[in-house]
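Only one structure is covered here, and it is reproduced in the block below.
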Amino acid sequence: MLKHNLLLFLRNIRKHKSTFLVNLVGLSTGLACVLLIYLWVNDELSVDKFHANDHRLYQVLRNVPDSSGDINTNESNSDLLIPAMMAEFPEVEYAAPLMDDSSNAIISTGDKTIKGSGKLAGKDFFNIFSFPLIEANGDQVLRGENSIVISKKIALALFDRSENLIGETVNIYDNTDGEALYAGDYSISGVVDTEGISSSLEFDFLLTNELFLAKRDPYDAKWNSNGVNVYLKLKEGTDATEFQSRLNKFYRAQLEVVFSKKYHHYIGNMFLQPFSERYLYNKFENGVQAGGRIDYVILFSVVALIILLIACINFINLSTAQASRRLKEVGIKKVIGASRRNLILQYIGESVFLTIISLVVAFVIVLLLLPQFNLITAKEINLRPDPELISAALIITLLTGLISGSYPAFFLSGLKPVETLKSKLKTSFGEFFTRRGLVVFQFSVSIIFIISVIVISKQINFLQSKNLGYNKDHVVTFLKEGKLVENSETFLKELKRSPGVLNATQLEGNISSFDNSGGGYKRKDRPSIQFTFARVDYDYVETLGIELKEGRSFSRDFGDEGSKIILNETAIKTMELEDPIGKIVNIRGQREIIGIVKDFHYQSLYEKIEPMFLLYLPEDANRIAVKIQAGREKETLAGLEKLYHKFNPGLPFEFEFLDDEYQALYTSEQRVADLSGYFAFLAILISCLGLFGLAVFAVERRKKEIGIRKALGQGSTQIGVLLSGEFTKPVLISILIAVPLGYLLTQNWLSGFAYKINIELWYFVLASVVALVVALFTVGTQTIRAAYRKPVDALREE
Amino acid sequence: MLLELNNIFKWVNSGNRRIFLLKDINIQVEEGEFISIMGPSGSGKTTLLNVIGMLDNFDEGEYNFLEEPIQSLKEKHRINLYKKYIGFVFQAYHLMDELTVYENIEMPLLFKKYSSSERKALVGDMLDRFNIVGKKDLFPTQLSGGQQQLVGIARALISSPKLILADEPTGNLNSKQGEEIMELFKQLNEEGVTIIQVTHSEKNAAYGSRTINLLDGRMIKD
Ligand SMILES: Nc1ncnc2c1ncn2[C@@H]1O[C@H](COP(=O)(O)OP(=O)(O)OP(=O)(O)O)[C@@H](O)[C@H]1O
Ligand SMILES: [Mg+2]
């Protein structure tokens, strides 16, 4: 039986190659899509899930209202919280702080040197989290101020081994904030092997936070200070909600002592979020959980399923459309004694078999696309034959096969043998309608994808090309690290003399996204103005090409620039200052306004330009920015590197172009754009394949009609138009459906940006025309060929 | 008694008119009979044969097959009866173009419980009996009409049915081929198989032991 059906299946394929190919290509690309997204989603879902006591791990967060009444969700806390919790709450098994220390440390042993990023962690960090430690346990590491835990990667780089390292010494040198806060020798207390682990907490080494506590001004040990992330392991059986409310009460009680009564409404609330949820549910809006990365997980899963659905629709449409081809087969089988069950099994079996073949092809496609996919998604996904993947793939395949096969199976097997043998299958209105409806669905989705691609790429284009108020072209930035810290002035002087260098400066943080906030400006009876600010050096304004509206920029020609301030236009407007130049304002102390810069975008375009100021504080700068001459990049960079190595021999020179840094602000948008481009292409490809299959079939079915029409003298073009018209209608209906939906979707996406394009009519026109043209072309290849055939051929073949 | 039709009516509704395809059909068939059904085109011969063969339903009356009342049987049960006792032969052969002669003949066995060696033996017997061993790997389109009909009959016989229903089995054949098929039927009948055939030819009808004449869906006296 199986063999027989297999034979029938194979011989049918040979007879109807185009149908088979359409189905194979459609289903395998659909499956490949789903597999890729499955791999990606699985990877996303697995982040932070490897900790043994995942269900007992929490992070402490706070919802804090700001002066404008918005609630900000904050993950940093006072370090006082940790000892307090351990003392007050027996249900807390362990609590540990984690602080960012340096992302640019230099780790060395004698002759070997490597860059790495480190954090400060509490001693019980490894009792909370299950990062695998080599030759140590959670109670042995991070005890004492000179204790360090390094990653296996660092261990291998420095010692060529990852074992037998306990007690070895490494030197941590510098970090770029100029203070070299935790520089010194440390003794290795553990090596952590993070290979194959997906963790949102990433580090090359950990020092103990006792270092911080020891050096910190005791005056700063306050409940309203913040700066540490706090992680908890609760004892088994603890009611987290109940604990959270007691913790919050406790926290508020501490702050109520610190804050005077009229500020009590600024205290906010403390709450817990399960640690492994943090990665996907990382966005809070006004204190309420509002998705985060999970949005993309859902979005892409839905999209992948839709694409697979489109492929299934092809299968359904083609099999029912071609039912007449198989009517005889059904009839004979019934006459010979096949039961309905036999037939259903046969046809479902066929579609399952086809999807299994498609799965094999899909795996090949996935293998080929994976490198590119990893590039787009910034992942390192491998195709490993793990049982979970295989069973998921098989389940998806079986479901696909069942969904695609069941309609044709039930449809065909339900026909009466007498009718089928007469081969007279009247297409019922309902069936015709379903087929049309499915085509409409496919094309609506395709058109929505095209509209999204247009809008997203337009918006990204807009983001890239928008006049930011500064010139990001030909600006190279790199860290002020190593010897540059003490010798920045000399370095900058030499830098400016180098050939190809137009200007150079130093600054703190990133140019395209600085987010220091502070310096409230008090106003009468109104909340004080909050600013964003940057600490910069001379030539900052000039190097970046920021336009001055009034006054001057920081300059060597004047003394005491440290007590001056430069504000942006928005700040002046918000402060309602008239004739601001020369006025003294109280922003981080009494300062004289020496200049006003035109507004420029110091953050991503998701953010509005807010009041902002610049301070002259070169000592705090941690980054050098160099404006170089266009067209001489290569030699100029070589010169830069040479100069850098003169100061920092042995350190790798790692630089970045400012426009790349700027683009990196929109990585996830770029990712969405890239992926939706691929998805749109796939959707339209698969839909057109289906349409192609239907056209092949329609032409075949109407061969005789075409012959008769021609014999009666109707022109070929007329016939071509007539046939194509049958397929244009569903596409036109799709346009009517897709345009408003596409508008709503893209409008919704754009609403996240403070600065955005206007959606224009031609986007929709273009998307519709593309869909229509592609569809007509697909159908046309078939209909025109049929229309131009000699009428005799058509009639004879009947 | 193999089967018995009592007051069978079959109709279709067209608009608000009722068109009768079969009117008051009464037939008794004993095992071992060879019956011919005759009548002008459109008189309902095929319809009647399909009703007897359970390929089509009827609207009124009683049909007992081996004492089983067909009108009140479930579809599954009916198919089982049918699979076990009835073989069909068509004017247009209705072979599966995608299957070889061998596979076509084997097909009915696939819907029953036969081991593959049993199937092999049975198909082999059939091929031998109809002298088409040499053609077993050919596809139907590679055969002459007479050969195709032989395959059709072989397929109908493979599951050793009690009753063969043949709808103008020689309609597409030349007279010599037709004669051969009729001889074959006669021989089968002598071996005990009951045969009901529809035919237009008096000569073919003469092979049978009795003739039923139809006119406008009604039986007329012979
Ligand atoms: N499903 C149907 N709906 C309407 N009329 C039908 C249907 N099936 C058969 N008929 C009509 O019933 C009548 C009998 O048809 P049937 O096929 O049984 O004739 P026949 O005797 O086999 O003719 P022929 O010798 O040409 O094969 C014909 O007039 C036919 O048009
Ligand atoms: Mg007939």
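Any value given below was found using the heavy atoms of this structure, including those in side chains, with hydrogens, waters and symmetry copies removed. Being a predicted model, the structure only gives us computed values, none of them experimental. In what follows, every chain begins at residue 1, and chains take the letters A, B, ... in the order their sequences are listed.
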- Task: Step through the shown structure and confirm whether more than 12 heavy atoms of other residues, nucleotides or ligands are within 6.0 Å of CD on B/Glu67.
- Result: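 At most 12 heavy atoms, drawn from other residues, nucleotides or ligands, come within 6.0 Å of this atom.
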Measuring from [X]:[atom1] to [Y]:[atom2], what's the distance to the nearest 0.5 Å?
| X | Y | atom1 | atom2 | result |
| --- | --- | --- | --- | --- |
| A/Asn342 | B/Leu110 | CG | CG | 9.5 Å |
| B/Asn104 | A/Ile336 | CG | CD1 | 7.0 Å |
| B/Tyr82 | A/Lys334 | OH | NZ | 11.0 Å |
| B/Glu98 | A/Arg14 | CD | CZ | 10.5 Å |

- Taking all heavy atoms of B/Phe139 and all of A/Arg11, pick out the closest pair and write down the distance.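 The pair with the smallest heavy-atom distance is CE2-NH1, 3.7 Å.
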Heavy-atom cut-off 4.5 Å, strictly under: side chain, backbone, both or neither for [X] against chain A?
| X | value |
| --- | --- |
| B/Asp56 | both |
| B/Leu99 | both |
| B/Ile86 | neither |

- Most heavy-atom pairs under 4.5 Å with chain A, out of B/Lys112, B/Met96, B/Arg155, belong to B/Met96
